[in-house]
Asks: 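Okay, handing you the structure first.
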Protein chains: 2
Amino acid sequence: MPKALRGTTLARYETRARIMKALAHPTRLFIVDELADGPRCVCELTTMIGADVSTVSKHLLVLKSAGVVASEKRGAQVFYTLRTPCVRSWPSCVEGVLAADARRARLVAG
Amino acid sequence: MPKALRGTTLARYETRARIMKALAHPTRLFIVDELADGPRCVCELTTMIGADVSTVSKHLLVLKSAGVVASEKRGAQVFYTLRTPCVRSWPSCVEGVLAADARRARLVAG
DNA sequence: TGGGCATTTGGCCAAACCGCCAATGGTTGC
DNA sequence: GCAACCATTGGCGGTTTGGCCAAATGCCCA
């Protein structure tokens, strides 16, 4: 039975893509990395990122909608936590890709 | 020294995001999954995906630009191979996210 | 209850994305 | 050579993204 991209199979890949897309932004990758060290409130993240608070808030909404992070209200502040720590291992795989590219580039150049 | 999203750090996250973005599409995730079982030519992938050849070709270009796949010409056909098999483990992590969501949904509903 | 802080939401605009069609370049085989 | 096939590239509309500003919401404390 050949694989094909329709029906139920398509739906599964769409769901996966939604999560991947949530991580496909430098700011959001930074947030994930930061939350891996523990919960952070929006104001802390905003300071580190150096963008408008509304921008950071929207990035967090994207991550939350994808199920990657969770939010918890403490008084006037909202703390975000990483819900799926395994995503943290992805960048190391990515670095592997980059390293391979660098090797290839050296081979081509040399 | 607090983390911050500027300069060299920003550049690293941008590079990572570029790779994540390459995978942030259902069709491209399907391609990666398919290539994990071995090389495939564009025509094979096109048949399975059921889209225009040009569309598939462009998706492959995106993956190739990100360093995720490599291409090799064999006669009139072009075969693509997965260059970084580790990306294949990502979806299982993603499934974990989805399972957690499903559990939570059941808790809320029940 | 009113002011101040933390966060979210809506709106706007430029840029990027995605799909198809049409046109082009390569390769095989007659 | 040319006809058929494989694949890539360019271009066009429709949709989505990402940033900021401005306004609204929620919470704490005086």
Side-chain angles (χ1 to χ4, degrees), chain A residues 4-6 10-11 13-32 34-35 38-66 68-81, chain B residues 4-6 10-11 13-32 34-35 39-81:
Chain A
L5 188 50
R6 342 182 199 92
L10 175 59
Y13 283 106
E14 279 173 344
T15 315
R16 291 178 180 181
R18 217 170 301 133
I19 297 180
M20 300 298 291
K21 195 185 276 187
L23 294 166
H25 192 283
T27 299
R28 295 197 288 268
L29 282 176
F30 174 83
I31 290 173
V32 166
E34 187 58 29
L35 295 187
R40 299 282 185 275
C41 71
V42 180
C43 54
E44 286 176 299
L45 293 170
T46 299
T47 302
M48 288 186 277
I49 293 168
D52 195 277
V53 196
S54 65
T55 300
V56 176
S57 180
K58 282 179 183 175
H59 280 309
L60 287 166
L61 179 62
V62 171
L63 289 172
K64 190 180 175 183
S65 302
V68 177
V69 305
S71 66
E72 180 199 356
K73 202 155 194 172
R74 296 189 207 165
Q77 299 182 344
V78 176
F79 281 77
Y80 282 81
T81 53
Chain B
L5 188 50
R6 338 182 202 91
L10 175 59
Y13 284 106
E14 280 173 343
T15 315
R16 291 178 180 181
R18 217 170 301 134
I19 297 180
M20 300 297 292
K21 194 184 277 187
L23 294 166
H25 192 282
T27 298
R28 296 196 288 268
L29 282 177
F30 174 82
I31 291 173
V32 167
E34 188 58 29
L35 295 187
R40 298 282 185 274
C41 71
V42 180
C43 53
E44 286 176 299
L45 294 170
T46 299
T47 302
M48 288 185 278
I49 293 167
D52 195 276
V53 195
S54 66
T55 300
V56 175
S57 180
K58 281 178 183 173
H59 280 307
L60 287 166
L61 179 63
V62 171
L63 289 172
K64 189 179 174 183
S65 301
V68 177
V69 304
S71 66
E72 179 199 356
K73 199 156 194 172
R74 295 189 206 166
Q77 301 181 345
V78 176
F79 280 78
Y80 281 81
T81 53

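Chain identifiers are assigned alphabetically (A, B, ...) following the order of the sequence lines, protein sequences preceding nucleic acid strands; residue numbering begins at 1 within each chain.
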Asks: Quick one: pull up CG in A:L10 and CG in A:L5 and give me the separation to the nearest 0.5 Å.
Replies: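 One gets 5.0 Å once the value is rounded to the nearest 0.5 Å.
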Asks: Give the rounded distance in Å between these two atoms: CD of B:E14 and P of D:dT17.
Replies: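 Checked: the CD to P distance equals 19 Å.
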Asks: Who are the salt bridge (charged side-chain N to carboxylate O under 4.0 Å, His left out) partners of B:R18, not counting sequence neighbours?
Replies: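 B:R18: no salt bridge (charged side-chain N to carboxylate O under 4.0 Å, His left out) contacts found.
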Asks: Are any of A:Y80's side-chain N or O atoms less than 4.0 Å away from OP1 or OP2 of C:dA6?
Replies: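 No, no such contact exists.
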Asks: Do any pairs count as a salt bridge (charged side-chain N to carboxylate O under 4.0 Å, His left out) and have a residue in residues 40-60 of chain A, sequence neighbours left out, and if so which ones?
Replies: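 Salt bridge (charged side-chain N to carboxylate O under 4.0 Å, His left out) check on residues 40-60 of chain A returns A:E34-A:R40.
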Asks: Does C:dC20 have OP1 or OP2 sitting under 4.0 Å from an N or O in the side chain of B:T55?
Replies: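 Result: yes.
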Asks: Search all heavy atoms of A:L60 against all heavy atoms of A:V69 and return the closest pair with its distance.
Replies: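 What the structure gives for the nearest pair is O-CG2, 4.1 Å.
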Asks: Please table the atom pairs, donor to acceptor, closer than 3.5 Å between any side-chain atom in residues 19-28 of chain A and protein atoms at least two apart or in another chain.
Replies:
residue	atom	partner	partner atom	Å
A:H25	ND1	A:T27	N	3.1
A:R28	NE	A:A22	O	2.5
A:R28	NH1	A:H59	ND1	3.0
A:R28	NH2	A:K21	O	3.3

Asks: Among C:dC20, D:dT8, C:dT7, find the nucleotide with the atom closest to the side chain of A:S57.
Replies: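 Closest nucleotide to the A:S57 side chain: C:dT7.
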Asks: What string of B, S and - do you get for nucleotides 10-17 of chain C, 5' to 3', if B is base contact, S is sugar-phosphate-only contact and - is no contact with any protein heavy atom under 4.0 Å?
Replies: BB-----S
Asks: Restricting both atoms to N or O, compile the protein contacts to nucleotides 24-30 of chain C shorter than 3.5 Å, with distance only.
Replies:
none

Asks: Rounded to whole Å, please give me the gap between CD in B:Q77 and C1' in D:dC6.
Replies: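 These atoms are roughly 7 Å apart.
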Asks: Looking at NZ of A:K64 and OG of A:S57, how far apart are the two atoms once the value is rounded to the nearest 0.5 Å?
Replies: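 A:K64 NZ to A:S57 OG: 9.5 Å, rounded to 0.5 Å.
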Asks: Run the ring-ring contact (aromatic ring centres under 6.0 Å, His included) test against A:Y80 and tell me which residues pass, sequence neighbours left out.
Replies: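 By the ring-ring contact (aromatic ring centres under 6.0 Å, His included) rule, A:Y80 matches no residue at all.
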Asks: Within this structure, what is the CG-to-P distance between A:L60 and C:dA6, rounded to whole angstrom?
Replies: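 So the CG-P distance, A:L60 to C:dA6, works out to 16 Å.
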Asks: Touch check for A:F79, heavy atoms < 4.0 angstrom, all strands: base, sugar-phosphate only, or nothing?
Replies: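 Touches nothing.
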Asks: Taking the nucleotide of DNA chain D with the closest heavy atom to each, which residue, A:A24 or B:V53, is nearer the 5' end?
Replies: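 With A:A24 and B:V53 compared, the 5'-side residue is B:V53.
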